[in-house]
A.B. asks: 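Here it is: the structure, laid out below.
Labels below follow one simple rule: chain letters A, B, ... track the order of the sequence lines, proteins then strands, and each chain is numbered from 1.
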There are 2 protein chains.
Amino acid sequence: MQKQETLTKNQKIILDLIEKSDQPLKAYSILFDVKKKGINAPLQVYRALKKLVKIGKIHKIESRNAFIACKNSKCQIAKATVFSICESCEDVTEIHDHKLSEHLRDFKDNKGMKYNKYNLEFFGLCKKCV
Amino acid sequence: MQKQETLTKNQKIILDLIEKSDQPLKAYSILFDVKKKGINAPLQVYRALKKLVKIGKIHKIESRNAFIACKNSKCQIAKATVFSICESCEDVTEIHDHKLSEHLRDFKDNKGMKYNKYNLEFFGLCKKCV
DNA sequence: AACGCTGTGTAATAATATAACATTTATAAG
DNA sequence: CTTATAAATGTTATATTATTACACAGCGTT
């Protein structure tokens with residue numbers, strides 16, 4: 001069983017907002033939205049984001065500098081993420097593909113490096129945008 | 001046969017610099033280094049970087065906002081990149097693994113999305129830092 | 001020559017992210 | 001309960017990364 005983290009007020013506010021969106025949100029757009037809740041400064045947002053990423057509640061889409069909620073409710077996977085990104089409408093979906101995960105988990109390079117994390121982003125055109 | 005791009009003066013200067021480094025360089029560090037060559041503004045750097053990425057001469061390490069030369073001299077692969085990143089010393093290596101590439105190339109999601117590009121970043125500790 | 005395309009140079013500014021400091025709250029240990 | 005320790009807060013300022021806007025130059029095509 002996963003340790004159930006207790007979120008603080010700021011963390012809850014920001015997680016709520018991100019979970020209500022099915023698409024990634026940017027830090028300053030989050031800041032704008034939570035000002036009415038008393039969060040006034042970028043750093044308050046970034047701190048909460050950092051924690052939420054750490055515990056796997058959200059993921060950062062690196063190529064977009066944006067944050068999306070992890071839908072995988074059971075296990076918090078902060079360490080193995082795969083996303084598909086539509087380059088036209090910017091729709092982002094988290095991918096859970098067992099076979100692909102296996103390949104990635106089992107990957108060994110020839111440098112003897114010890115991996116503990118990976119992030120994979122696929123780019124293309126979604127059904128609507130083709 | 002690949003179309004041989006002719007690089008402009010700024011593009012050459014910046015590619016040279018990046019190729020001389022075996023590690024990723026950041027845009028403003030590049031700017032600092034090329035000021036002596038008459039490149040004065042961030043935009044001049046970013047424009048060259050954009051072009052060099054586009055033609056596959058360099059790649060952007062998304063999680064680090066940095067740019068590394070593509071060592072794969074024969075084919076310019078701007079569309080399928082894999083990197084290993086040491087979280088301690090920040091050493092970055094481009095990975096060419098035939099089997100892994102196959103899996104990634106052949107990956108199909110269940111949303112009917114058409115992929116034309118991917119970027120994969122592995123994180124961990126390199127031999128030296130373990 | 002007129003056009004489209006790509007690149008240049010410059011100034012200004014936008015967008016993303018962190019440092020530093022003082023204080024408060026939560027958790028654990030004696 | 002008290003101490004101590006880690007984590008979070010609030011605030012100001014600043015650092016870092018990246019783009020917009022504009023005027024113009026070079027080049028190949030028609």
A.B. asks: Once you round it to whole Å, what is the distance between P of dG10(D) and CG of N40(A)?
C.D. replies: 8 Å
A.B. asks: Is the closest side-chain donor-acceptor distance between E62(B) and N119(B) under 3.5 Å?
C.D. replies: no
A.B. asks: What is the distance from NZ of K12(A) to P of dA7(D), rounded to the nearest Å?
C.D. replies: 18 Å
A.B. asks: Of P42(B) and N65(B), whose closest DNA chain C nucleotide lies nearer the 5' terminus?
C.D. replies: P42(B)
A.B. asks: So, does N10(A) get its side chain near the phosphate of dT9(D), meaning an N or O under 4.0 Å from OP1 or OP2?
C.D. replies: yes
A.B. asks: Specify the residue among K54(A) and Y28(A) whose closest nucleotide of DNA chain D lies further upstream toward the 5′ end.
C.D. replies: K54(A)
A.B. asks: Tell me the interatomic distance from Q44(A), atom CD, to dA8(D), atom C1', rounded to whole angstroms.
C.D. replies: 10 Å
A.B. asks: Tell me whether the rings of F122(B) and Y115(A) are parallel (<30°), tilted (30 to 60°) or perpendicular (>60°).
C.D. replies: tilted
A.B. asks: Students should find this one: the first and last nucleotides of DNA chain C, 5' to 3', lying under 4.0 Å from a heavy atom of chain A. What are they?
C.D. replies: dT16(C) to dA20(C)
A.B. asks: For the pair made of CG in L25(B) and P in dT16(D), what is the distance, rounded to whole Å?
C.D. replies: 16 Å
A.B. asks: Mind checking whether I85(A) and L125(A) sit in one hydrophobic cluster, side chains of I, L, V, M, F, W, Y counted as touching below 4.5 Å?
C.D. replies: no
A.B. asks: OP1, OP2 of dA8(D) versus side-chain N and O of K9(A): anything below 4.0 Å?
C.D. replies: no
A.B. asks: Nearest-Å distance, CZ (R47(B)) to C1' (dA18(D))?
C.D. replies: 13 Å
A.B. asks: Rounded to whole Å, how long is the line connecting atom CG of L43(A) with atom P of dA15(D)?
C.D. replies: 15 Å
A.B. asks: Please classify the nucleic acid contact of K60(A) as base, sugar-phosphate, or nothing, using heavy-atom distances under 4.0 Å.
C.D. replies: sugar-phosphate
A.B. asks: In this structure, how many angstroms lie between the P atom of dA8(D) and the CG atom of L49(A), rounded?
C.D. replies: 13 Å
A.B. asks: For R64(A) and dT17(D), give me the distance from atom CZ to atom C1', rounded to whole Å.
C.D. replies: 16 Å
